[in-house]
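Letters go in sequence order (proteins before strands), and every chain restarts at 1.
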Number of protein chains: 2
Amino acid sequence: MSATPPGEIHEYRRTERNRVKRLPARASHERDTVHAILDAALVCHLGFVVNRQPFVIPTLHARVGDEVYVHGSSKSRTLEALAGGVEVCLTVTLIDGLVLARSAFHHSVNYRSVTAFGRARLLAGDDEKLAALRAFTERLYPGRWDEVRPPNPAELKATLVLALPLDEAVAKVRTGPPIDDAEDMALPVWAGVVPLALAGGAPIADAQLAPGLALRDTTFPRDRDWTPRR
Amino acid sequence: MSATPPGEIHEYRRTERNRVKRLPARASHERDTVHAILDAALVCHLGFVVNRQPFVIPTLHARVGDEVYVHGSSKSRTLEALAGGVEVCLTVTLIDGLVLARSAFHHSVNYRSVTAFGRARLLAGDDEKLAALRAFTERLYPGRWDEVRPPNPAELKATLVLALPLDEAVAKVRTGPPIDDAEDMALPVWAGVVPLALAGGAPIADAQLAPGLALRDTTFPRDRDWTPRR
């Protein structure tokens, strides 16, 4: 089942940049797969080059359609560089489990990652910026945008939003148990997977919270079943 | 209390690359802080440039002393580039919580990140490589190295290990509650922090596991107290 409407693209185009050479069986250029991973990750890592020096900066992101938004202060060096139209590599990574094999060599992690290449555009109009900021807030906590004070003109002006087109993107995913060598299978070593997820803890109310306010229920992780270890 | 022995460095040197311009109060060049964050993170993101194109690749890492090891197949494009001595930016990011403010503008996340700049060296000797592989295995699951089959000569040969020196490194950390504007404090909106942590789930034994084997106890997250939401 695909969420892509008829007539739209199902896969991102393959280029030299987003070709996966190592373990290509783990790669997918499928649009729905790329979107699901981007949506499940809270932060991305933005790579860009200034004076031949690579920088990798973590930041919140929000995907809407075939664009990924990032935002920050109008004083940010990162956003300044990106707004200048440099090449960007955006990567998100979700760690889904420790893969514990019978041999040291076959230890691994289960993960889902996406890498996207391109140049970002600066959102200019206030309406477009507001829609992007709504997406950021809703991603942190669904339903939140309609509960909080919206950005005022000064806050909107102090915030830059950039959009990276999803065009040359690729997902890479490892799932499942360890793959041990046949001759190691009888070793007296526990083997299997310890699931990992970014999980939510008990909320800590602000010390100055007005009385009678509670946090609506939310669930972490939001994107998959996960049973905490007892 | 510092873990740094007398006479050793306490802070990494400050350069143009690892200077934090945005919110410098959140930055630390302290060696112990940088080490603790690197050790708490399972994966890093490696940034490097090939033909002017930035790449950001997620990979496992292990810190030993003032070096961070990364490893992979001898066929890996990433390791090939790094072994060539290109400039690397290594970043790790831990997400510690959603910061839910009364205004959309002051929403944030609590996080701990480290960024390190430099050029990697290829580990040449088998003893040095084995010590690094031990560090990787022990990081995934403490005590595991002495339980599993160690790498054989063919596996050792198929694995490249690179060491990035910790020299120009910097940590950036946000902790604590939302910082709302004074005029928003009385708004009828829940505000506070939802703690997040990469938490361990119920282990899934390999289908072909020999009978009578159990996974020793382990705890996630390993680096801080965290109460799962009930």
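In this structure, the side chains of A/Val56 and B/Thr115 stay at 4.5 Å or more apart for every pair of heavy atoms. A/Pro195 is listed as a side-chain neighbour of B/Ile204, based on a closest heavy-atom distance under 4.5 Å. Residues A/Phe105 and B/Thr159 are in side-chain contact: their nearest non-hydrogen atoms beyond the backbone lie under 4.5 Å apart. Contact of the A/Val189 side chain with the B/Arg144 side chain is registered, since non-hydrogen atoms from C-beta on lie closer than 4.5 Å. Counting heavy atoms from C-beta outward, B/Ser103 and A/Val148 have side chains that stay 4.5 Å or more apart. Taking 4.5 Å as the limit, some side-chain heavy atom of B/Leu215 sits within range of a side-chain heavy atom of A/Val194. Contact of the A/Arg102 side chain with the B/Leu209 side chain is registered, since non-hydrogen atoms from C-beta on lie closer than 4.5 Å. Between B/Val49 and A/Arg52 the shortest side-chain heavy-atom distance does not fall below 4.5 Å.
Taking the six-membered ring where the residue is Trp, A/Phe55 and B/Phe117 present perpendicular rings, their angle passing 60° and hence far from 30°.
Looking at B/Val43, the atoms closer than 4.5 Å to chain A (heavy atoms on both sides) all sit in the side chain, from C-beta outward. Contact annotation for B/Arg17: both backbone and side-chain heavy atoms come within less than 4.5 Å of a heavy atom of chain A. Contact annotation for A/Ser113: only side-chain heavy atoms (C-beta onward) come within less than 4.5 Å of a heavy atom of chain B. With a threshold of 4.5 angstrom between heavy atoms, B/Thr137 approaches chain A through side-chain atoms but not through N, CA, C or O. Contact of B/Glu16 with chain A is made through backbone and side chain together, with heavy-atom distances under 4.5 Å. If you measure heavy-atom distances from B/Asn51 to chain A, you find no contacts under 4.5 Å at all. Contacts between B/Ser108 and chain A at a heavy-atom distance below 4.5 Å involve the backbone alone (N, CA, C, O). For A/Asp96, no part lies under 4.5 angstrom from a heavy atom of chain B. With a 4.5 Å cut-off on non-hydrogen atoms, B/Leu98 touches chain A through its side chain but not through its backbone. Heavy-atom distances place the side chain of B/Leu60, and not its backbone, under 4.5 Å from chain A. With a 4.5 Å cut-off on non-hydrogen atoms, B/Ala207 does not touch chain A at all. Heavy atoms closer than 4.5 Å to chain A are found in both the backbone and the side chain of B/Ala191.
Ranked by non-hydrogen atom pairs under 4.5 Å with chain A, the options B/Gly212, B/Pro188, B/Ala210 are led by B/Pro188. In terms of heavy-atom pairs under 4.5 Å with chain B, the best-connected choice from A/Glu87, A/His106, A/His107, A/Glu147 is A/His107. Ranking B/Pro151, B/Gly72, B/Ala197, B/Ala186 against chain A, the residue ahead of the rest is B/Ala197, based on heavy-atom pairs under 4.5 Å. Taking chain A as the reference chain and counting heavy-atom pairs below 4.5 Å, the highest number among B/Pro150, B/Gly176, B/Pro177, B/Ser76 is found for B/Ser76. Each of B/Ala158, B/Pro178, B/Ala104 has some count of heavy-atom pairs under 4.5 Å with chain A, and the biggest count is that of B/Ala104. Most heavy-atom pairs under 4.5 Å with chain A: of the set B/Val88, B/Val92, B/Val193, B/Thr78, this distinction falls to B/Val193. In terms of heavy-atom pairs under 4.5 angstrom with chain B, the leader among A/Pro221, A/Gly201, A/Gly192 is A/Gly201. In terms of heavy-atom pairs under 4.5 Å with chain A, the best-connected choice from B/Ala199, B/Pro203, B/Ser73 is B/Ala199.
Between B/Lys75 atom NZ and A/Leu23 atom CG the span is 9.5 Å, to the nearest 0.5 Å. In this structure, A/Leu100 CG and B/Asp206 CG are separated by 10.5 Å, a value rounded to the nearest 0.5 Å. To the nearest 0.5 angstrom, A/Leu196 atom CG is 4.5 Å from B/Leu198 atom CG.
Taking both residues in full, the closest heavy atoms of A/Pro58 and B/Thr93 are given as CB-OG1, 3.2 Å, listed atom of the first, atom of the second, then distance. In this structure, A/Arg77 and B/Arg19 approach most closely via the heavy-atom pair NH2-O, 2.6 Å. Across every non-hydrogen atom of A/Trp190 and B/Ala205, the tightest pair is CZ2-CA, 3.6 Å.
Counting heavy-atom neighbours within 6.0 Å of B/Gln208 CD, excluding the residue itself, gives a total of 12 or less. The environment of CG in B/Asp146 is crowded: more than 12 heavy-atom neighbours from other residues, nucleotides or ligands sit within 6.0 Å.
Residues A/Thr91 and B/His45 bring no donor and acceptor atom of their side chains to less than 3.5 Å of each other.
Using a cut-off of 4.0 Å between Lys/Arg side-chain N and Asp/Glu carboxylate O, A/Arg149 and B/Asp180 are scored as not salt-bridged.
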